There are 2 protein chains.
Amino acid sequence: MRSDGQRRATIKDVAEAAEVGVATVSRVLSGTGSASPATREKVLAAAARLDYRPSALGRNLRRQRTGGIGLLVPDITDIFYGRLADGVLACAQSAGEPVMIGTTGDDPEREAELIGTLIEESVERVIAVPSGDGEMWGPAFRAGLGVVFAERPVPGRENVPAVVTDDRTGVRTAVEYLAGLGHRRIAFLARHGQAQRVRAFREALAALGVPVDEELIVHAHATRDSAYAAAAGLLQHRSDLTAVLAGGNVLGEAAVLAARELDFRVPRDVSLIMFDDVPWAELCHPPLTVISQPAQDMGYRAAELVLREGRRSRTVTLPTELIVRGSCGPRR
Amino acid sequence: MRSDGQRRATIKDVAEAAEVGVATVSRVLSGTGSASPATREKVLAAAARLDYRPSALGRNLRRQRTGGIGLLVPDITDIFYGRLADGVLACAQSAGEPVMIGTTGDDPEREAELIGTLIEESVERVIAVPSGDGEMWGPAFRAGLGVVFAERPVPGRENVPAVVTDDRTGVRTAVEYLAGLGHRRIAFLARHGQAQRVRAFREALAALGVPVDEELIVHAHATRDSAYAAAAGLLQHRSDLTAVLAGGNVLGEAAVLAARELDFRVPRDVSLIMFDDVPWAELCHPPLTVISQPAQDMGYRAAELVLREGRRSRTVTLPTELIVRGSCGPRR
DNA sequence: ACTCCTCATGGAAACGATTCCATCATAGAT
DNA sequence: ATCTATGATGGAATCGTTTCCATGAGGAGT
């Protein structure tokens with residue numbers, strides 16, 4: 001008996017042990033085709049005895065399809081993407097599909113590299129939060145990958161299925177809520193790549209007859225440092241603002257921190273509202289009013305979409321919800 | 001030209017296009033062996049023209065090694081594991097290794113399933129935060145996987161390399177700090193699987209001559225609900241306690257929430273300290289005093305360890321750091 | 001009893017890459 | 001001029017699986 005630890009048993013070993021051909025073993029184990037009960041038994045017994053597991057490598061090579069899905073997110077440390085990933089994993093694992101993950105850091109170049117790796121690995125389905133303008137996706141489509149975008153659509157690729165949040169309604173809800181409290185000087189703290197939300201922000205202000213001050217729209221990169229710098233700059237240089245809308249939890253965190261550091265009292269001196277409902281929003285002082293986004297659902301739906309590649313599927317838009325806590329007050 | 005979109009180019013296509021044999025193409029592209037400059041050029045040009053990418057499937061099947069590392073964490077939504085995963089990804093991506101991720105939910109059964117999947121996929125290196133007692137790892141070792149445990153060691157498997165935090169020192173630091181403030185009735189809010197920290201807790205108390213009250217040691221599962229229930233139960237039923245040490249950020253969050261809900265003022269009524277330095281610890285009111293753990297380093301080191309499988313490596317223990325903020329005060 | 005059909009079965013090809021090995025050409029040495 | 005050493009090159013085997021196809025056996029229908 002040399003089955004203990006040296007080499008993984010192959011289908012050939014099972015065939016020998018069961019005294020049948022490899023084709024029969026394959027048929028029995030995959031459930032396709034016919035086999036007599038006696039043979040069936042023998043094969044199953046041999047497979048169990050040898051602790052046999054079919055090699056996905058061999059199978060995939062033969063079948064010319066890998067199964068398995070790739071997942072590309074900017075930053076797994078951002079809880080929003082953590083929850084998105086969790087949703088993807090929940091769906092993928094219940095379907096028995098392995099998931100290959102990569103973090104792009106919102107850098108199109110790293111994204112391109114990761115796409116390349118996925119293609120080499122013959123992964124044929126990808127869920128991605130695209131970086132930059134999403135200009136790196138040519139090779140992926142040329143290679144025939146099934147792609148679903150999450151969180152953000154890509155400007156040039158409207159025909160690619162995507163699962164996004166209803167940015168327009170979300171932003172409008174936030175802006176109307178703030179305007180209802182009397183705020184006019186509302187700042188938007190955005191991440192690069194949130195062009196859609198910025199547009200919605202302008203529209204929402206315009207619809208309310210509030211003039212848009214471009215200097216109140218500030219962009220930051222996805223890092224905590226950049227977010228803090230942007231938030232602090234905003235509060236210092238545009239001190240006539242009375243409310244800040246943060247485009248994501250990292251930006252919101254930075255805003256809270258900057259406000260505290262610069263001695264702005266929330267909500268007395270400045271009202272604060274952010275995208276993403278995160279656990280610490282309740283723990284904050286004061287508790288943060290947020291526009292919640294269904295991050296986990298988003299991941300789950302994206303995974304569903306990418307797994308049923310059959311039907312042509314359009315973009316799915318998920319609703320947001322305003323959760324009022326204590327960080328917004330009337331304009332002073 | 002049919003190279004546009006239908007089928008991925010194979011090495012054979014490149015060989016034909018360059019008018020050489022497949023062996024030559026392989027040699028040129030992988031850099032092994034010799035080839036004349038002219039041939040070299042022809043092959044490179046053909047490969048570029050056809051947008052050729054070698055299939056990892058074919059290569060791995062032939063080479064009998066997959067490369068790529070598996071990563072098993074309890075919950076990617078927990079920022080501690082998010083940072084751990086980030087560290088793993090940082091190392092793996094810089095080494096060009098794909099990463100397959102799975103979440104176990106701290107459930108040994110799901111863990112076993114995921115291990116099975118990894119074996120089928122011929123992944124040969126795994127970094128895992130083991131669930132339960134880690135009794136499901138037999139098949140993995142039998143299959144010859146290179147395993148590195150992270151965060152927690154597994155009782156029966158001391159010879160498996162692991163990257164863990166210095167629980168003993170971390171806990172002792174926290175307990176000594178609290179004792180220095182006059183606290184005697186110190187509770188420990190632990191997750192299942194933190195046996196090591198519980199042991200350290202008992203030892204630290206004993207070393208200070210403080211009697212150990214077993215009822216002040218409470219266990220919760222890894223979910224937010226379970227953590228909240230445990231924290232609330234602790235505060236309600238053992239109201240003579242004056243300080244709580246939480247074994248992780250989810251537990252700490254639950255403690256803050258429960259304290260607020262039950263009208264315990266922090267730190268006046270109860271002092272609070274938790275493992276994990278997370279961004280919201282500063283945002284909390286009052287800011288939380290924490291024992292920080294180098295989660296990202298942990299992941300990075302684990303990845304390094306699992307990639308240099310060559311040398312036999314022992315367990316790596318990473319230091320913790322006490323970060324004093326405002327959630328601990330003198331005993332009333 | 002002969003034919004036909006179905007079912008069980010195993011051999012062999014294919015998937016895409018690497019790598020061993022044999023072949024061939026050319027340059028250098030005698 | 002002949003022999004040898006070296007480098008370039010391609011054919012073919014191999015990895016583990018699935019699947020096509022051929023074969024053989026056995027039962028049913030005439």
Side-chain angles (χ1 to χ4, degrees), chain A residues 3 6-44 46-47 50-68 117 119-124 143-144, chain B residues 3 6-44 46-47 50-68 117 119-124 143-144:
Chain A
S3 79
Q6 296 305 46
R7 199 171 50 92
R8 259 177 71 184
T10 73
I11 199 173
K12 215 170 157 188
D13 299 323
V14 178
E16 275 175 29
E19 297 173 307
V20 298
V22 289
T24 305
V25 176
S26 176
R27 270 188 303 252
V28 169
L29 260 34
S30 65
T32 60
S34 53
S36 74
T39 313
R40 192 177 183 64
E41 190 101 1
K42 270 196 303 183
V43 169
L44 256 27
L50 295 183
D51 207 19
Y52 170 70
R53 283 180 165 282
S55 152
L57 253 51
R59 173 178 19 231
N60 292 338
L61 181 56
R62 169 63 217 233
R63 287 236 201 103
Q64 290 295 84
R65 63 191 157 89
T66 299
T117 304
I119 294 177
E120 283 196 9
E121 298 289 329
S122 295
V123 168
E124 55 186 4
Chain B
S3 80
Q6 296 304 45
R7 199 170 52 90
R8 260 178 69 186
T10 71
I11 198 173
K12 215 170 156 187
D13 299 323
V14 177
E16 277 174 30
E19 298 174 305
V20 298
V22 289
T24 305
V25 175
S26 175
R27 269 188 304 251
V28 168
L29 260 34
S30 66
T32 59
S34 52
S36 75
T39 313
R40 192 176 182 64
E41 189 103 0
K42 271 196 301 182
V43 170
L44 256 27
L50 295 182
D51 208 19
Y52 170 70
R53 282 181 164 283
S55 153
L57 253 52
R59 171 177 25 229
N60 292 337
L61 180 56
R62 169 62 217 241
R63 287 237 200 101
Q64 289 295 84
R65 64 191 156 89
T66 300
T117 303
I119 294 177
E120 283 195 8
E121 298 289 329
S122 295
V123 168
E124 56 187 3

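Letters A, B, ... are given to chains in the order of the sequence lines, protein chains preceding strands, and every chain is numbered from 1. In this text, all values refer to a predicted model and were calculated from it rather than measured experimentally.
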- Atom pair distance, as rounded to whole Å: CD in A:E120 and P in C:dT18: 10 Å
- Pick base, sugar-phosphate or nothing for A:R53, based on heavy-atom distances below 4.0 Å to the nucleic acid. sugar-phosphate
- How long is the line joining NZ of A:K12 and P of C:dG10, in whole Å? 15 Å
- B:N60 has an atom CG; how far is it from atom P of D:dG16, in whole Å? 13 Å
- Want to settle it: does B:S34 or B:R63 sit nearer the 5' end of DNA chain D, counting the closest nucleotide to each? B:S34
- Checking all strands, does A:I11 fall into the base, sugar-phosphate, or nothing category for heavy-atom contacts under 4.0 angstrom? base
- Of the listed nucleotides D:dT17, D:dT19, C:dA17, the one nearest the side chain of A:R59: D:dT17
- Describe the nucleic acid contact of A:A35 in one word from base, sugar-phosphate, nothing, applying a heavy-atom distance below 4.0 Å. sugar-phosphate
- Would you classify A:G58 as touching base, sugar-phosphate or nothing, given that sugar-phosphate means primed atoms plus P, OP1 and OP2, and contacts are heavy atoms under 4.0 Å? base
- Message: For a quick test of reading the model: is some side-chain N or O of A:S26 closer than 4.0 Å to OP1 or OP2 of D:dT17?
- Response: no
- Query: Which comes earlier along DNA chain C counting from the 5' end, the contact point of B:L57 or that of B:T32, where each point is its nearest nucleotide?
  - Reply: B:L57
- Task: Give the rounded distance in Å between these two atoms: CZ of B:R8 and P of C:dG16.
- Result: 9 Å
- A:T66 side chain vs A:S122 backbone, donor-acceptor pair below 3.5 Å: yes
- Item | Euclidean distance, A:L61 CG relative to B:R62 CZ, rounded to 0.5 Å | 13.0 Å
- Below 3.5 Å, does any donor atom in the side chain of B:R27 face an acceptor in the base of D:dG10, or the other way round? yes
- Figure out the CZ/P separation between A:R40 and C:dC7, and round it to whole Å. 16 Å
- On DNA chain D, more 5' by nearest nucleotide between B:L61 and A:L29 is B:L61
- Counting only side-chain N and O atoms of B:Q64, is one of them less than 4.0 Å from OP1 or OP2 of D:dT14? no
- Item | Rounded distance (Å) that lies between atom C1' of C:dT19 and atom CZ of B:R65 | 13 Å
- Under the 3.5 angstrom rule, does the side chain of B:R65 hit a backbone N or O of B:E124 as a donor-acceptor pair? no
- Query: In terms of heavy-atom contacts, does CZ of B:R53 have more than 12 from other residues, nucleotides or ligands at under 6.0 Å?
  - Reply: yes
- Query: Pick from B:V20, B:T24, B:V25: which one makes a side-chain contact (heavy atoms from CB on, under 4.5 Å) with B:V14?
  - Reply: B:V25
- Message: Looking at B:T39, I'd like to know whether one of its side-chain N or O atoms comes within less than 4.0 Å of OP1 or OP2 on D:dA8.
- Response: no
- Query: Any N or O donor-acceptor pair linking the side chain of A:R62 to the base of D:dT17 at under 3.5 Å?
  - Reply: no
- Query: Which atoms form the tightest heavy-atom contact between A:V43 and A:A18, and what is the distance?
  - Reply: CA-CB, 4.0 Å
- Note on the structure: When rounded to whole Å, the CD to P distance for the pair B:E19 and D:dG11 reads 13 Å
- Listed nucleotide nearest any side-chain atom of B:T10, set C:dG16, D:dT17, D:dG10: C:dG16
- Query: If you pin A:S36 and A:V22 to their nearest nucleotides in DNA chain C, which one's is more 5'?
  - Reply: A:S36
